[in-house]
K.L.:
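Pasting in a structure now, in structure tokens, and then I'll have a few things to ask.
In listed order, ligands and their atoms are each counted from 1.
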Amino acid sequence: MTTLTPSTITAPQLTIDGRVCGSSRHLAVIDPSTGAPFIEVPAATPAQLDEAVAAATAAFPAWRATPLGDRQALVGRLGEVVRAHLDELALMVTMEQGKPLANARGEIGAALRQVDFFTGVSIETEVVRDDEAARVEVRREPLGVVGAITVWNYPVLTAMFKLVPALVAGNTVIVKPSPFTPVAVLRLGELFQDVLPPGVLQVLAGDDDLGRALAEHPGIRKISFTGSVPTGKKVMASASGTLKRVTLELGGNDAGIVLDDVDPAAVGADLFWAGFSNGGQVCAALKRLYVPESRFDAICEAITAEAATVVVGPGLQEGVKAGPVQNKPQLDRVRELTEGALAAGGEAFHTGEIPDGPGYWFPTTLIRGVAEGVPLVDEEPFGPVMPILTYRDVDEAVTRANDTEYGLGASVWSPDLDRATAVAERLEAGSVWVNQHPVVTATVPFGGAKQSGIGVESSLHGLLEYTAIKVINVKR
Ligand code: NAD
């Protein structure tokens, strides 16, 4: 057996109509720990997108007619394929995304929990009337061809979040991964061809223009998109031409409110990781922490104690807890927001170590002495920096937490669960967590309020977003 090393990775190809194929166009994929390309993969042309849509359209009638249990059995086999290739896929994720190998394996484990959950659900027909005069059934039917457009922070997980429920519901799917991280998802596409009929699942790498073409394509019935708020708006506009259904999982600027009865030492590590898991590149990471004045110094100290344990370095290096920022534009943005906060009078009270040399390195950074009006507080940094703010009373903290167009997640921290839950009820977000942040699982719906998104993923609610209601109304 060959040992897996970065040099053993061979470039995965596009998948169209059950075939693995190259292209006249290419994408160079950068290893963010070096800032240099490590592989080149094919990028789909507009003609290849048309071919894929035609194949997905042709595959749809037979796939939708396949009984749910049989579709679930095949999707379960996709899970087995992922398990059998976990080492290879995790290595690819670390190489292209930058995260430590253990976290890449964790990402794929979370993707497998999507498979476990959705292969066990049932899609019920609702009988709303059944008497001597009529029988009225509300059925759930698949939509057709689904376009799944994904992002670079969790390349495998965001793709599996979409393709697993979409396939189980009876749709055919075309996945377009982020141009920054196409490798592992292209490989999934190759591996899945051995299990699924041609055209049922295809993966096309490509740039933003391919995403736009997918969102506009008249042969596609639904777009499930994960990415930023501005791109989400463009996707919705593109989709409107053919009134496609959309699920939009967008950015956030999640607030956390620490109540005045917390024990700082008990929550310090959890507060830190709420903001800094995956190097802060988590849509529903804690991005603004509100702390009562009476607890401020103690909380800052407790978070710093955990921050000091973090070793930042290449994801394949032993002992590393955080990798680089995934791409250069994101690194520039994190730098700009951090420098802006410092210029506005903020204090970086913890700045971690980073490796010397090239790579998109940014130190773990904790900032205080800033408030609303500073872009680091008002906007989403999506990187390893977090502002910690003070508040005087809880009403004020709730108002400030809600004063944003984002509404993905939020959290409240207190040993008094009733008190914390009462505050949680007042926060405007798709998910509000108590004494944790974020928690995203296959069984619980996840989605954004306000401009953080439309619709949810995970759970039966997420599955039903890949269906349309059809009423059968029989007069007796
Ligand atoms: P982005 O919006 O720039 O890109 C995401 C995807 O959209 C890529 O595949 C890209 O090629 C494609 N794309 C770009 N322009 C397009 C267009 N006009 N039409 C169709 N597709 C297009 O995302 P980003 O800024 O690189 O990613 C970070 C953002 O993603 C953050 O805001 C983060 O919070 C968010 N995110 C949200 C979730 C969630 O579940 N809510 C999860 C992960 C990340």
K.L.:
Which one of L214, D207, V282, T231 has a non-hydrogen atom at the shortest distance from atom 17 (C) of ligand 1?
P.N.:
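Shortest heavy-atom distance from atom 17 (C) of ligand 1: T231.
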K.L.:
Could you identify the single nearest non-hydrogen protein atom to atom 27 (O) of ligand 1 and state the distance to 0.1 Å?
P.N.:
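Ranked first by proximity to atom 27 (O) of ligand 1 is V151 CG2, 3.1 Å.
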K.L.:
Considering non-hydrogen atoms of the protein only, which is the closest contact for atom 20 (C) of ligand 1, and what is the distance?
P.N.:
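Going by distance alone, atom 20 (C) of ligand 1 is nearest to G211 C, 3.1 Å.
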K.L.:
Please list the nearest protein heavy atom to atom 35 (C) of ligand 1 with its residue and the distance rounded to 0.1 Å.
P.N.:
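Here the closest protein heavy atom is G227 O, 3.2 Å.
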K.L.:
Does ligand 1 have any atom that is closer than 4.0 Å to a heavy atom of F161?
P.N.:
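No, that is not the case, since the closest heavy atom of the residue is not under 4.0 Å from the ligand.
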K.L.:
Do me a favour and list the nearest non-hydrogen protein atom to atom 5 (C) of ligand 1 with residue, atom name and distance?
P.N.:
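Here the closest protein heavy atom is T226 O, 3.7 Å.
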K.L.:
How does P179 reach ligand 1, by side chain, by backbone, by both or by neither, if only non-hydrogen atoms under 4.0 Å count?
P.N.:
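Looking at P179 and ligand 1, just side chain atoms fall under 4.0 Å.
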K.L.:
What do you reckon, does K287 have a nitrogen or oxygen under 3.5 Å from a nitrogen or oxygen of ligand 1?
P.N.:
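In this structure, K287 places no N or O atom under 3.5 Å from an N or O of ligand 1.
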K.L.:
For F180, which part has a heavy atom under 4.0 Å from ligand 1: side chain, backbone, both, or neither?
P.N.:
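Near ligand 1, F180 shows nothing, with every heavy atom at 4.0 Å or more.
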K.L.:
Using a 4.0 Å heavy-atom cut-off, say whether W152 meets ligand 1 through its side chain, its backbone, both or neither.
P.N.:
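Looking at W152 and ligand 1, just side chain atoms fall under 4.0 Å.
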K.L.:
Under 4.0 Å from any heavy atom of C283, which atoms of ligand 1 are there?
P.N.:
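In order of number, 34 (O), 36 (N), 37 (C), 38 (C), 39 (C), 40 (O), 41 (N), 42 (C), 43 (C), 44 (C).
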K.L.:
Counting only nitrogen or oxygen atoms and a 3.5 angstrom limit, does S452 reach ligand 1?
P.N.:
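There is no such contact.
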K.L.:
Any nitrogen or oxygen of S228, main chain or side chain, under 3.5 Å from a nitrogen or oxygen of ligand 1?
P.N.:
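Between S228 and ligand 1, an N or O pair is found under 3.5 Å apart.
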K.L.:
Ring-plane angle category for F180 and W152, please: parallel below 30°, perpendicular beyond 60°, tilted otherwise.
P.N.:
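Rings of F180 and W152: perpendicular, as their planes differ by over 60°.
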K.L.:
Taking non-hydrogen atoms only, is E380 closer than 4.0 angstrom to ligand 1 via side chain, backbone, both or neither?
P.N.:
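Only the side chain of E380 comes within reach of ligand 1.
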K.L.:
If you count every heavy atom of other residues, nucleotides or ligands that lies below 6.0 Å from E141 atom CD, does the total exceed 12?
P.N.:
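Yes, because the 6.0 Å sphere around CD of E141 holds more than 12 heavy atoms from other groups.
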K.L.:
Is the closest heavy-atom distance from G448 to ligand 1 below 4.0 Å?
P.N.:
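Contact check G448 vs ligand 1: negative.
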K.L.:
Is any side-chain N of the basic residue among E190 and R187 closer than 4.0 Å to the acidic one's carboxylate O?
P.N.:
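A salt bridge links E190 with R187.
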K.L.:
For H461, look at atom NE2 and say whether over 12 heavy atoms of other residues, nucleotides or ligands are found less than 6.0 Å away.
P.N.:
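Open: at most 12 neighbouring heavy atoms sit under 6.0 Å from NE2 of H461.
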K.L.:
Do the side chains of R105 and D87 get close enough for a salt bridge, i.e. N-O under 4.0 angstrom?
P.N.:
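Counted as a salt bridge, because a side-chain N and a carboxylate O are separated by less than 4.0 Å.
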K.L.:
Is the shortest side-chain N to carboxylate O distance from D116 to R83 below 4.0 Å?
P.N.:
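Yes, D116 and R83 are salt-bridged.
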K.L.:
Can you pull out the closest protein heavy atom to atom 33 (C) of ligand 1? Residue, atom name and distance to 0.1 Å, please.
P.N.:
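Residue, atom and distance for the closest contact: F382 CE1, 3.3 Å.
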K.L.:
Would you mind checking if E51 and R19 are paired as a salt bridge, meaning a charged N to carboxylate O distance below 4.0 Å?
P.N.:
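E51 and R19: salt-bridged.
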K.L.:
Would you mind telling me if ligand 1 is within reach of the side chain of K234, the backbone, both or neither, using heavy atoms under 4.0 Å?
P.N.:
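The answer is the side chain.
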K.L.:
In the protein, which heavy atom is nearest to atom 7 (O) of ligand 1, and how far is it?
P.N.:
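Residue, atom and distance for the closest contact: F225 CE1, 3.1 Å.
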K.L.:
Donor-acceptor pair, W63 side chain versus L167 backbone, under 3.5 Å?
P.N.:
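Yes; judged by distance alone, with no hydrogens or angles, the pair exists.
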K.L.:
Walk me through whether D209 and R212 qualify under salt bridge (charged side-chain N to carboxylate O under 4.0 Å, His left out).
P.N.:
CA-CA 5 Å; D209 285 341; R212 189 178 306 113; 2.6 Å; yes
K.L.:
Could you tell me whether T150 and ligand 1 have an N or O pair separated by under 3.5 Å?
P.N.:
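Between T150 and ligand 1 (N or O atoms, distance only) the closest approach is under 3.5 Å.
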K.L.:
Which ligand 1 atoms are under 4.0 Å away from a heavy-atom of I149?
P.N.:
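Listed by number with element, the hits are 6 (C), 7 (O), 9 (O), 12 (C), 20 (C), 21 (N).
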K.L.:
Is the closest heavy atom of S178 to ligand 1 under 4.0 Å?
P.N.:
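Judged by the 4.0 Å heavy-atom criterion, S178 does count as contacting ligand 1.
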K.L.:
Consider every N or O of V235 and every N or O of ligand 1, then say whether any pair is closer than 3.5 Å.
P.N.:
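V235 vs ligand 1: no N/O contact under 3.5 Å.
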K.L.:
Any nitrogen or oxygen of D208, side chain or backbone, less than 3.5 Å from one on ligand 1?
P.N.:
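Between D208 and ligand 1, an N or O pair is found under 3.5 Å apart.
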